[in-house]
Each structure stands twice: as structure tokens, then as C-alpha cells.
Protein chains: 2
Amino acid sequence: MQLDLEALNTQLSEQGYKLTRQRRAVVEVVTHAHTRFSAADVLAKAQRACPDLGLTTVYRTLEILEELSAIRRVHLDNGCEGFAPASAEHGHHLICSRCQETIEFEDCNLTALLRRVSEQTGFTIQQHWLELVGLCPKCQPRK
Amino acid sequence: MQLDLEALNTQLSEQGYKLTRQRRAVVEVVTHAHTRFSAADVLAKAQRACPDLGLTTVYRTLEILEELSAIRRVHLDNGCEGFAPASAEHGHHLICSRCQETIEFEDCNLTALLRRVSEQTGFTIQQHWLELVGLCPKCQPRK
DNA sequence: GTGACTGCAAATAATTTGCATTACA
DNA sequence: TGTAATGCAAATTATTTGCAGTCAC
């Protein structure tokens, strides 16, 4: 399920955000991304369509897109953060450690686990963060 | 299961690391931590015992402790990273969103989930990252 | 026309590195 | 004593903010 460029532009507009050239360029890149990305990654790609785009605007736009749940924060290898397209209401990401391909999965049936941990610790669990790393089919060694 | 101060010092020593005053102070703080912490947190606490400790050394020591699996990286709310004591070979952390109390749990029975995701996507899953956030018993509102 | 949006440059913040000095084993 | 470890200051890197000019609606 890929993010829809038009739908996202419409949503921005409906929320009162102006559809500037810069925002369109960022949204274009983000909706077509099939890997996780950093703000700098977005800048590099979006500048092809919009050369005068600045990094500040990328940060500001990513912030908006996160609010709209169009993207979600993920972790990059260096420890700091990046973003990935998010279509599901509640989803997690699976990232290829070799080619960085990133896909979203909605199946997070952690109910039993959460209940056990909750019972054992007395904690009330509010949120969970789950991210999987592996090798996508293309990057797996041939047998 | 708490980290053992002496055991960790011994381990450092056996690995060829010198037991300097600074390292002892950092290890002391880390082994007694019951919340996740940043490098700056460690500096502040460890300086009580070792006033001339520098932040650089804290970073360097945390790096070593991570290699030794005595601590594990976790995520802080601001998006960047922190550390938490790690005793289990493979564990995850449960963090109180109010008081920051952090405990480790080893139960991560994600086998079924991992298998499903793997089957659906064709990915070979190598690692998983799981972190839970909730309210510890002390911080839960009274009924 | 006007307020939201922009880029730039400067400010923050977190972390890393170079280097001369110090201290553990 | 020799080498690893240290603190400091400077360098990097990531991100945020202030502000004057610009543009979508």
C-alpha cells in the first residue's frame, strides 16, 4: 500500500497548509520512497525538481508529514533517526540491512507478550516500538 | 538481576582495559542505574566521585561498556539515543514514561510474529529492536 | 493583499577527534 | 617505564531558530 501523492497533497491543503513548490517536491520524494531516509536524503532528491529547496524546509515539511502520519520515525544505523513512509494507522518497519529497502507491516500481534510483561512488572504499557532488520529477497545470498 | 560492579570491573580488567579512577566512577554509576541515561547524565553523577571526569571519557567508556554488553542503546524521547543497563544476553527495555524507571525483560517471544512477517515479505530477519513505554506501578494513577 | 512560507545564516546540541599530558599496571 | 587513557579544545554532524524577503491563495 503506497502513499498517494495526490491524496497527501489534498490532505495538506485541507489542513490549511499551502502547497508550495518546495512542499510538493518533498512530498513527491517521500511518497515514492521505498527505503528509509534522512532529511539530507530528501533534500538531495527533491532538489532535482526544486533546486532552490533548503534543508530547513525539508525538516519543517517532514515534521508536518509526521503529524499527518504520512511518515514515521525509524532508527538509522548510526543511532540517530530517519523517516520512512507510513500508510497504516499503526505499523512498524522492516528494513533491509544491505539495500535499505524498507517496508511497512501492520501485523504486530504483541498482545500476549505485552500482557506477560505487564503482569510480571506491574507496568501499564502505553506504547511499543518495534523495528525489524533483515535481508530482503533480492539481497539474500543464493543457495 | 542487577549488574555487578565488581564483576564488571574484573571483566574490564581481563579485556585489557585499565581500571582508571574515571572508569571506575562511570562503571559505578552505570551499574547502579535504574533508569535509562544519557552521557551527560552519567557525567553529572560520576563527577561526584570523580570531579575531574570529562565528557569525552564518559563517551569512550560507554562505548566500551556497550561492547561488553553491559549496557544497551535505547531511545530517548527527543529521538536521539541513550543507554540502559543490560544484564541479559538478549533483552529489551521497558521504560516508565513518567519517572523514567527502566527495567529489562528477556521475554521476547516474537517467533510467531517474525515467522509471519518473514513469510509475507520474503525477508530473512536478522535482528529486531523492541522497546516498551508505559507507567511503572508507582506512577500509575490511583483508582 | 497578507499571513504563511522560505532560505540563509547563526545558534544549539550531541558526539567525535587531535594532541599534549598523565597515570595505571 | 611504556603505553593506554585522559581532559581540553576544536571539529563534526544534526537539527532548530531568528529574520527579512517572497509567494500561494
Side-chain angles (χ1 to χ4, degrees), chain A residues 6 8-30 36-68 71 73-84, chain B residues 6 8-30 36-68 71 73-84:
Chain A
E6 284 316 309
L8 192 45
N9 277 332
T10 304
Q11 201 185 346
L12 277 167
S13 192
E14 281 171 354
Q15 296 289 321
Y17 294 110
K18 294 185 177 169
L19 289 182
T20 61
R21 232 169 0 101
Q22 291 87 338
R23 276 187 188 154
R24 285 179 192 274
V26 169
V27 169
E28 167 85 28
V29 168
V30 165
R36 56 181 169 180
F37 46 81
S38 65
D41 293 335
V42 175
L43 178 69
K45 286 193 181 176
Q47 277 187 331
R48 295 177 198 161
C50 183
D52 58 337
L53 176 65
L55 189 52
T56 308
T57 298
V58 173
Y59 275 110
R60 290 192 271 228
T61 306
L62 290 178
E63 200 178 328
I64 293 170
L65 295 179
E66 193 192 9
E67 269 172 27
L68 298 184
I71 59 176
R73 279 168 207 270
V74 296
H75 299 287
L76 301 181
D77 294 326
N78 59 38
C80 232
E81 65 193 27
F83 302 85
Chain B
E6 284 316 310
L8 192 45
N9 277 333
T10 304
Q11 200 185 346
L12 277 169
S13 193
E14 282 171 354
Q15 296 289 320
Y17 294 110
K18 294 185 178 171
L19 290 182
T20 61
R21 234 168 359 99
Q22 291 88 338
R23 278 187 186 154
R24 284 178 193 276
V26 169
V27 168
E28 168 85 29
V29 168
V30 165
R36 57 181 168 180
F37 46 80
S38 64
D41 294 335
V42 174
L43 179 69
K45 285 194 181 174
Q47 277 187 331
R48 294 177 199 158
C50 183
D52 58 339
L53 176 64
L55 188 53
T56 308
T57 298
V58 173
Y59 275 109
R60 289 193 272 228
T61 306
L62 291 179
E63 200 178 328
I64 293 170
L65 294 178
E66 194 193 8
E67 268 172 28
L68 299 183
I71 59 178
R73 280 169 205 269
V74 296
H75 299 286
L76 301 180
D77 293 327
N78 57 37
C80 233
E81 64 190 30
F83 300 85

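Each chain gets a letter, A, B and so on, in the order its sequence line appears, and its residues count up from 1. Every heavy atom of this structure was used, including side-chain atoms; hydrogens, water molecules and symmetry mates were not.
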**Prompt:** What integer distance in Å separates I64(B):CD1 from dA5(D):C1'?
**Reply:** 9 Å
**Request:** Take the protein atom CG of D52(A) and the nucleotide atom P of dC5(C), then report the distance between them rounded to whole Å.
**Result:** 17 Å
**Prompt:** Taking the side chain of L55(A) as heavy atoms from C-beta outward, which of dA9(C), dT15(D), dT15(C) is closest to it?
**Reply:** dT15(D)
**Message:** Please classify the nucleic acid contact of R60(B) as base, sugar-phosphate, or nothing, using heavy-atom distances under 4.0 Å.
**Reply:** base
**Message:** Could you measure the distance from the CZ atom of R73(A) to the CG atom of L62(A)? Nearest 0.5 Å is fine.
**Reply:** 8.5 Å
**Asked** Does Y59(A) place a side-chain N or O at less than 4.0 Å from the phosphate oxygens OP1/OP2 of dT15(D)?
**Response** yes
**Message:** As an exercise, state the distance from CG of L12(B) to CZ of R24(B), rounded to the nearest 0.5 Å.
**Reply:** 9.5 Å
**Request:** Rounded to the nearest angstrom, tell me the gap between atom CG in L43(A) and atom P in dC8(C).
**Result:** 10 Å
**Complete:** In short, salt bridge (Lys or Arg N to Asp or Glu O under 4.0 Å) pairs touching residues 8-18 of chain A with sequence neighbours left out are none
**Item:** Expected output: side-chain Q22(B) to main-chain L53(B) donor-acceptor under 3.5 Å
**Value:** no
**Prompt:** Starting at CG of L53(A) and ending at P of dT22(D), how long is that distance when rounded to a whole Å?
**Reply:** 18 Å
**Item:** Contacts of Y59(A) that satisfy side chain to side chain donor-acceptor pair (under 3.5 Å) - sequence neighbours left out
**Value:** none
**Request:** Please report, rounded to the nearest Å, how far the C1' atom of dC5(C) is from the CD atom of E63(A).
**Result:** 14 Å
**Prompt:** For the side chain of T10(A) and the backbone of E6(A), is there at least one donor-acceptor N/O pair under 3.5 Å apart?
**Reply:** yes
**Item:** Whole-Å gap separating P (dA14(C)) and CG (D41(B))
**Value:** 10 Å
Restricting to nitrogen or oxygen on both sides, can you table the protein-nucleotides 23-25 of chain D pairs closer than 3.5 Å?
{"unit_1": "dC25(D)", "atom_1": "OP1", "unit_2": "L19(A)", "atom_2": "N", "d": "3.0"}

**Prompt:** Atom CZ of R73(A) to atom P of dA14(D): distance rounded to whole Å?
**Reply:** 15 Å
